[in-house]
Undergrad: 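Here it is, the structure in full.
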Amino acid sequence: KMSRPVQARRLEGVDKNIWVEFVKLAATYSTVNLGQGFPDFPPPDFLKEAFTRALSGEKHMLHQYTRAFGHPPLVKILAQLFGKLLGRELDPMTNVMVTVGAYQALFCCFQAFVDEGDEVIIIEPFFDCYEPMVKMAGGTPVFIPLRPKAPKDGKLMSSADWQLDPAELASKFSERTKAIVLNSPNNPLGKVFSREELELIADLCVKHDALCISDEVYEWLVYDGKEHVRIASLRGMWDRTVSIGSAGKTFSVTGWKVGWTVGPNRLLQHLRTMHQNSVYHCATAAQEVVAQGFQREFERYGKPDSYFVQLPKEMQQKRDQLVQSLVAVGMKPIIPEGTYFLVADISEFKSDVPDVPNSDEPYDSRFAKWMVKNKVNASALFHRIYHGVFVPSRLAVLIRASSGGNTTSGQRPHPDPVLVWKKPGHCLSPW
Ligand code: PMP
């Protein structure tokens, strides 16, 4: 047996992954897994049919490697569509790169742009992989929370009530700041950043010459007539922004793992370096089919039969139904303006969830496990909150100060619920 450590130093502290734990728990107790963001409904027929044709048709080259930085039909239609949305002409070969899902796009960005000692600003709550990816690149994550404002008249909170404090945000930028990660619509709150909020971020990026890694995988899942504003379209931002998307979220095919980056060649050339030295090719047939899907959507843009119009409409109804069900069982959902996710206040359940003596495991984590393990409670509850319609939702993470909080050993509950989520140093994405 080797006596020296086998793993590289960059793996230290990034070995735990909450999904691995919860997917296993959900399988063990054969309960519904509300924790992971994927649809429980089929993708649109036009896409499934296109895949069948791609696999069984004459074009046998679809079974072979394609262009390393993106299958030509896919980068062409992405350049056309995003060129229109961003109001500029895009070169498919240099302004677009296809990746293995948005996940690989994110990984390429951190590896390509972040050096030892660089700081990367991350807005909380956040999609959990940003932190380990920044650390693996040698960077230091700098966290800034969205802070909730209590709504008036006992109304339910909306994700729009969670906002950045402009002075606090400005205080996080310095000459060490290499980039900020923006995720709008946000996983897990469902917050859709307004134009004003994005302008605030953009102005700070320009002032401090920082990059913006803009994770927009939920760009089509926006509700209540809200507008998804692309930060790359704001003044001074094209040159410093990589916009990231995902066919998984766009067409409800998360298993296909097709993602992309859009940005200026001065940034994308370095993503290509990362890509050619790691993954190199992405699955050809899946790219061909996603290209056909985008072609269809491009022709129907904004029309009632567009999937990009129909999907958010359906998801909005499911959101409303889930909100009602959660309220009925005593939770206080924060109404999401976008995404698959929903965060709810679970403080009412505090007396049901057993304390674990001598443990500083946070309440939200104990609650989640209790939900999974107590099949009677869990299935009854899950049953009521679902009716099989909104699997792609996420449950219950906001711990209120009045519930005793989940602070680590001995600390007094903090009056700010975001801070009460805190692990030492910062608050984590719920699960
Ligand atoms: N970004 C966010 C915010 C996500 O929620 C996800 C998937 N859960 C991804 C990126 C990764 O997307 P993909 O499946 O395309 O890799």
Side-chain angles (χ1 to χ4, degrees), residues 17-20 22-23 26 33-40 43 47 70 74 78 96-111 120 122-134 141 146 159 162 179-193 212-222 228 230-231 241-262 271 274-275 278-279 282-283 286-287 289-291 293-294 311 315 336-343 390-395 397 428-431:
N17 182 305
I18 196 76
W19 303 105
V20 175
F22 271 94
V23 167
N33 183 0
L34 275 178
Q36 215 167 4
F38 55 79
D40 68 338
L47 216 63
L74 180 55
L78 287 172
V96 181
M97 185 181 87
V98 175
T99 52
V100 180
Y103 221 87
Q104 192 222 339
L106 289 162
F107 188 74
C108 282
C109 284
F110 294 121
Q111 289 293 322
V120 178
I122 297 176
I123 300 168
E124 300 174 344
F126 57 91
F127 179 44
D128 55 354
C129 72
Y130 302 153
E131 182 184 5
M133 284 195 190
V134 169
L146 288 163
S159 54
W162 292 63
I180 182 167
V181 186
L182 173 70
N183 176 211
S184 181
N186 162 273
N187 168 3
L189 270 179
K191 179 181 171 66
V192 178
F193 284 68
C212 180
I213 300 168
S214 184
D215 179 343
E216 302 180 33
V217 298
Y218 299 105
E219 59 198 321
W220 311 109
L221 286 171
V222 173
H228 171 64
R230 294 177 164 75
I231 196 164
T241 303
V242 176
S243 307
I244 295 175
S246 164
K249 316 294 171 170
T250 300
F251 290 113
S252 312
V253 288
T254 57
W256 295 10
K257 290 295 289 185
V258 175
W260 56 86
T261 57
V262 173
L271 300 185
M274 260 314 293
H275 186 70
S278 52
V279 166
C282 307
Q287 291 188 68
V289 178
V290 171
F294 270 114
L311 178 66
M315 294 299 282
E337 307 154 273
T339 77
Y340 295 150
F341 304 105
L342 189 150
V343 175
F390 202 108
V391 168
S393 59
R394 183 185 283 220
L395 257 197
V397 281
L428 265 184
S429 165
W431 345 331

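These values consider heavy atoms only, across backbone and side chains, with no hydrogens, waters or symmetry-generated copies. Whatever order the structure lists them in is the order used to number ligands and atoms, beginning at 1.
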Undergrad: Is the backbone N or O of Val192 less than 3.5 Å from a side-chain atom of Glu337, with the two atoms forming a donor-acceptor pair by type?
TA: yes

Undergrad: Contact between ligand 1 and Thr254 is defined here as a heavy atom of the residue under 4.0 Å from a ligand atom; is it met?
TA: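 Thr254: no contact with ligand 1 (<4.0 Å).
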
Undergrad: Find all atoms of ligand 1 within a distance of less than 4.0 Å from any non-hydrogen atom belonging to Ser246, and give their numbers and elements.
TA: 13 (P), 15 (O)

Undergrad: Short question: side chain of Gln287, backbone of Cys282 - any donor-acceptor pair under 3.5 Å?
TA: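 It does hold such a pair.
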
Undergrad: With a 4.0 Å heavy-atom cut-off (strictly under), which part of Tyr103 contacts ligand 1: side chain, backbone, both or neither?
TA: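 Within the 4.0 Å criterion, Tyr103 contacts ligand 1 through backbone and side-chain atoms alike.
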
Undergrad: Under 4.0 Å, heavy atoms only, figure out whether ligand 1 is touched by the backbone of Lys257, its side chain, both or neither.
TA: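 For Lys257, only side-chain atoms sit under 4.0 Å from ligand 1.
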
Undergrad: Between Asn183 and Asn186, is there a donor-acceptor pair closer than 3.5 Å when you use the side chain of the first and the backbone of the second?
TA: no

Undergrad: Tell me whether Thr261 contacts the main-chain N or O of Ile244 through its side chain, where contact means a donor paired with an acceptor under 3.5 Å.
TA: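 It does not hold such a pair.
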
Undergrad: Answer yes if the side chains of Asn187 and Tyr340 hold a donor-acceptor pair under 3.5 Å, and no otherwise.
TA: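 Absent: no donor and acceptor within the cut-off.
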
Undergrad: Working to the nearest 0.5 angstrom, can you tell me the gap between Lys249 NZ and Tyr218 OH?
TA: 3.5 Å

Undergrad: Under a 4.0 angstrom heavy-atom cut-off, which atoms of ligand 1 come close to Lys249?
TA: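 In order of numbering, the contacting atoms are 6 (C), 7 (C), 8 (N).
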
Undergrad: What pairs with Gln111 under side chain to side chain donor-acceptor pair (under 3.5 Å), at least two apart in sequence or on another chain?
TA: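 For Gln111 there are no side chain to side chain donor-acceptor pair (under 3.5 Å) partners, ignoring immediate neighbours.
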
Undergrad: Please verify whether a non-hydrogen atom of Tyr218 lies at under 4.0 Å from ligand 1.
TA: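 Yes.
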
Undergrad: Which atoms of ligand 1 have any heavy atom of Asn183 under 4.0 Å away?
TA: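 Counting atoms of ligand 1 from 1, those under 4.0 Å from Asn183 are 3 (C).
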
Undergrad: Show the atoms of ligand 1 that are less than 4.0 angstrom away from any heavy atom in Ala102.
TA: 10 (C), 11 (C), 12 (O), 13 (P), 15 (O), 16 (O)

Undergrad: Please confirm whether Gly248 comes within less than 3.5 Å of ligand 1 when only nitrogen or oxygen atoms on both sides are compared.
TA: no

Undergrad: Can you measure from OH (Tyr130) to CD (Glu124) and round to the nearest 0.5 angstrom?
TA: 13.0 Å

Undergrad: Among Asp215, Asp128, Thr99, which residue places a heavy atom closest to atom 1 (N) of ligand 1?
TA: Asp215

Undergrad: Report yes or no: does a heavy atom of Gln104 sit under 4.0 Å from some atom of ligand 1?
TA: no

